[in-house]
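The block underneath contains the structure these notes are about, expressed in structure tokens.
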Protein chains: 2
Amino acid sequence: MAITIKNIADACNVSRGTVDRALNDRGNIKPETKKLVLETAKKLGYKPNYIARSLVKGKTNTIGIIVFNLYNEFFSSLINHMEVNARKKNYYINLALTHYSKDIERKCVENMIKRQVDGLILCSVHNELTYSKWLQDFNIPIITLANKVSDSIPYISINDHLAMNEATKYITYKGYERIIYISPPLSNKKVLNIYSLEKRFEGFNEVKTKQQSIIIDSNDYLDILNTINITEYKTAILCSSDIYALEVLNYLKVKKINIPDQVGVMGFDNINMLKYVEPSLTTVSYSTEQIAISSINSIISYINNNIKPDNQVISYKIIEGQSL
Amino acid sequence: MAITIKNIADACNVSRGTVDRALNDRGNIKPETKKLVLETAKKLGYKPNYIARSLVKGKTNTIGIIVFNLYNEFFSSLINHMEVNARKKNYYINLALTHYSKDIERKCVENMIKRQVDGLILCSVHNELTYSKWLQDFNIPIITLANKVSDSIPYISINDHLAMNEATKYITYKGYERIIYISPPLSNKKVLNIYSLEKRFEGFNEVKTKQQSIIIDSNDYLDILNTINITEYKTAILCSSDIYALEVLNYLKVKKINIPDQVGVMGFDNINMLKYVEPSLTTVSYSTEQIAISSINSIISYINNNIKPDNQVISYKIIEGQSL
DNA sequence: CTGTTAGCGCCTTCAC
DNA sequence: GTGAAGGCGCTAACAG
């Protein structure tokens with residue numbers, strides 16, 4: 001069995017209280033006893049049991065992180081930075097993935113609660129008010145990312161609406177006559193929280209100009225694209241995420257359609273892998289590190305002060321590539 | 001404060017023992033009392049405190065995972081699959097990242113120990129025997145991945161040696177006269193565990209054929225490549241990982257060197273992003289999901305039976321692309 | 001069938 | 001300066 005505080009106490013012929021004083025720098029202890037205790041602790045290879053400490057302190061120094069998956073580079077990059085910044089502040093990471101399932105998400109949240117995380121960072125597929133209430137009833141600090149759950153739960157993200165709005169204007173400014181907007185099914189909003197996607201779409205849709213526009217919100221967007229004579233007008237294809245844009249680039253290459261001469265393409269997210277793709281993709285960039293840092297700082301101060309932090313908006317910028 | 005077992009006991013006018021029996025299906029309880037207890041537990045919104053349970057059970061149902069970072073798609077994909085499979089078996093994930101630092105790794109391990117993880121899955125940059133001993137002295141199940149720490153700690157990976165060996169032979173078979181092998185600095189092995197990279201290199205180096213070969217093991221491989229007249233012979237560039245191969249592809253495109261007509265390129269890992277790259281990269285593929293499943297199964301059976309599992313070798317295969 | 005009790009390992013309070 | 005004792009929330013062993 002592992003060495004406990006009691007083993008040290010016995011070995012030193014002092015009480016457990018004294019060992020605790022030595023180990024945790026609490027003062028009120030004779031330097032020699034402290035020295036003795038620390039030395040024997042080291043000799044015995046003592047490692048404090050944080051579980052026991054957590055139980056008495058009512059604090060685990062653990063942050064629960066619940067996101068969709070790690071395939072999405074947004075999340076893997078985010079969690080990478082979160083781990084770094086949490087560790088710096090002496091917090092640890094419990095990770096759980098929902099794979100876009102409302103059920104799994106609920107279970108993950110419950111598990112985190114049972115495991116007594118001090119706070120929760122959540123990218124949710126829920127947005128029912130009952131769910132928001134359910135979350136808040138756990139009475140622990142919770143912060144949401146990317147998909148807003150409700151106005152009463154702090155939310156950190158870029159302004160998707162504005163960003164896509166600007167992207168659309170940028171395309172207009174570039175002289176395109178027609179925009180094809182590609183997104184995952186927006187009708188999903190009936191069953192899932194797709195806040196971020198909706199906002200992006202709204203940002204696009206709001207730009208009322210002389211252009212024509214075609215909206216493809218389907219998982220079969222390439223098939224649908226195939227039914228359109230894309231070179232008929234000076235067309236730009238605007239995608240709600242880089243992944244889609246990459247698929248579109250591939251599609252156009254297969255079709256021997258020149259980019260950007262015949263058709264322009266624009267993405268969103270500026271994922272890392274873009275640097276290996278040709279032509280370089282015009283896209284919208286933002287810092288996952290900044291989102292991660294904001295999230296960790298917010299949740300920790302929320303934990304420590306029990307004051308609900310404000311929503312935070314992270315900046316973005318358009319990256320000009322050769323695809324538009 | 002959160003509802004405890006005692007609150008329920010009080011509310012039901014029974015003892016805490018009885019509540020425990022009801023909540024945990026232990027039998028020896030009158031159906032009506034059980035029903036009453038369960039109902040009031042639900043009504044009060046009781047959530048068991050797993051920290052307390054862990055303390056008494058000496059088991060946290062938590063697996064610590066320590067890897068380098070999540071930028072590397074190998075790790076993010078791995079952890080994605082690990083989380084899924086751990087959750088299925090009612091285990092949770094504590095994640096820590098070392099960023100290739102020996103110091104950070106040591107601290108991460110210690111933290112995991114303090115937090116009483118039931119088992120540890122580790123991709124290490126250490127390979128000192130003292131470190132292996134240090135790890136084993138913690139006396140908890142540990143499994144290593146990708147980089148072997150020592151023969152006395154279970155290790156799961158593909159056979160890097162054999163895989164690169166076969167890759168090299170494949171290139172030979174394709175009729176190339178010269179191979180340029182690109183790898184991160186192999187001299188790092190003096191300060192870091194780069195087992196997997198070494199094995200790959202050995203696998204390449206072992207193939208003694210008539211070909212010429214050039215070895216570039218440097219972070220400035222593109223600069224060095226630039227000093228070589230690569231089209232002088234029928235040359236293939238074999239990279240120890242896809243990321244390098246992608247950089248090489250970019251380099252060759254900039255140089256207007258045709259792939260594969262003038263120079264062939266081969267990678268290793270078959271990362272997801274390859275599907276967006278042209279020409280499609282010839283590479284070595286293996287299943288991170290299988291590694292993840294093996295790891296999780298191994299560590300859990302190690303935890304439950306306390307029998308050190310055998311090393312496991314995951315299969316690989318060569319993927320023929322258009323780059324060679 | 002149910003209640004009581006003694007911990008798990010640690011921290012904290014209160015005596016001395 | 002130090003020791004003793006109680007308790008965090010839960011489980012388990014024993015009594016009844």
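The structure presented is a predicted model; accordingly, all values stated were derived computationally and were not measured. Labels below follow one simple rule: chain letters A, B, ... track the order of the sequence lines, proteins then strands, and each chain is numbered from 1.
Distance, R26(B) CZ to dA13(D) P: 10 Å, rounded to whole Å. R115(A) places its CZ atom 19 Å from the P atom of dG9(D), with the value rounded to the nearest Å. One can place CG of L36(A) at 14 Å from C1' of dG1(D), the figure rounded to the nearest angstrom. Atom CG in D10(B) sits roughly 13 Å away from atom C1' in dG9(D) (whole-Å rounding). The interatomic distance linking D20(B) (CG) with dT5(C) (C1') rounds to 14 Å, in whole Å. Note: CG (N24(A)) to P (dT13(C)) measures 14 Å, nearest angstrom. I29(A) has its CD1 atom 8 Å from the C1' atom of dG1(D), to the nearest Å. In this structure, the NZ atom of K114(B) is 15 Å from the C1' atom of dG9(C), given to the nearest Å.
The side chain of N28(B) contributes no N or O atom lying less than 4.0 Å from OP1 or OP2 of dT2(C). In this model, the phosphate group of dG3(C) is approached by a side-chain N or O of T18(B) to a distance below 4.0 Å at OP1 or OP2. The side chain of T4(B) places no N or O atom within less than 4.0 Å of a non-bridging phosphate oxygen (OP1 or OP2) of dC8(D). Regarding contacts with the backbone of dA12(D), every side-chain N or O of R16(B) stays at 4.0 angstrom or more from both OP1 and OP2.
With 3.5 Å as the limit, one finds a donor-acceptor pair spanning the side chains of K59(A) and N61(A). With hydrogens and angles left out, the side-chain atoms of K189(B) and N127(B) include no donor and acceptor closer than 3.5 Å. A donor-acceptor pair shorter than 3.5 Å cannot be found between the side chains of T60(A) and S54(A). Side-chain polar atoms of Y92(B) and N111(A) form a donor-acceptor pair below 3.5 angstrom. Remark: the S298(B) side chain and the S295(B) side chain contain no N/O donor-acceptor pair separated by less than 3.5 Å. With hydrogens and angles left out, the side-chain atoms of R21(A) and N28(A) include no donor and acceptor closer than 3.5 Å.
For the side-chain contact (heavy atoms from CB on, under 4.5 Å) test, residues two or more places apart in sequence or in another chain that qualify with E83(B) are A96(A), L97(A), H99(A), R87(B), I93(B).
Contacts between residues 45-61 of chain B and DNA chain C, defined by a heavy-atom separation under 4.0 Å, are made by L55(B), V56(B).
Contact annotation for R21(B): base contact, defined as any heavy-atom pair under 4.0 Å involving a base atom.
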